[in-house]
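What follows is a set of notes on a single structure, which appears directly below.
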Amino acid sequence: MNIGIDLDDTIAKTAHSFFKYGRKFNKEKNIKFKIKRNEWDFDKAFGWTEIDIKNFFENYLEDLFNSVKPKKNAKKIIKILKNKGHKIIIITARSENDTENIYNITKNWFDKYNIKVDIVEVNSKDKVEKCINNNIDIFIDDRYLSL
Ligand SMILES: [Mg+2]
């Protein structure tokens, strides 16, 4: 089977790093805001303006993504699936619009943790389209996809 897997908060503990770096950013920029962990939007979670978001992405996002740790057992399960002959395709919405060089940042993360996958697809704003293009049989994500 062709198994598609999301990256952030599916096999990587990304939210943890986002809150860590978000706290750091707010402290450095003297932004007084009670961070809300249950919010997805940056303005509601961190109290950021559009300019803050741009500034954060430009200055912190690469370090943030490099600091992310894999979730427990993610490497082991992917290895088991590959040994059973399945093809693993990572489909992530991480985008070159957020930080340039996003493909290398993401690909290097897999190399750093020696997690072997077949394809890494970034810029996947439309994950359904990427699944269709990659003939994905099943897709694993921490958020549901609507068709
Ligand atoms: Mg995710």
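Just follow the structure's listing: the first ligand is 1, and inside any ligand the first atom is 1. The structure presented is a predicted model; accordingly, all values stated were derived computationally and were not measured. In what follows, every heavy atom counts, from backbone to side chain, and hydrogens, waters and symmetry copies are set aside.
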**Item:** T92, N134, T106 screened by side chain to side chain donor-acceptor pair (under 3.5 Å) with E121, the one that passes
**Value:** N134

**Prompt:** Counting N and O atoms only, with roles assigned by atom type, does the side chain of T10 sit under 3.5 Å from a partner on the main chain of L7, one being a donor and the other an acceptor?
**Reply:** no

**Message:** For a distance under 2.8 Å, give residue and atom name for each protein N, O or S atom next to the Mg ion (ligand 1).
**Reply:** D6 OD2, D8 O, D142 OD1

**Asked** Are the side chain of N2 and the backbone of N135 linked by a donor-acceptor contact shorter than 3.5 Å?
**Response** yes

**Prompt:** Between F65 and W109, is a side chain to side chain contact (heavy atoms under 4.5 Å, CB included) present by the stated rule, with each step listed?
**Reply:** CA-CA 8 Å; F65 281 147; W109 185 86; over 6 Å; no

**Item:** Pairing of D52 and K29 as salt bridge, 4.0 angstrom limit
**Value:** no

**Complete:** For D118, the side chain to side chain donor-acceptor pair (under 3.5 Å) test, sequence neighbours excluded, returns K82

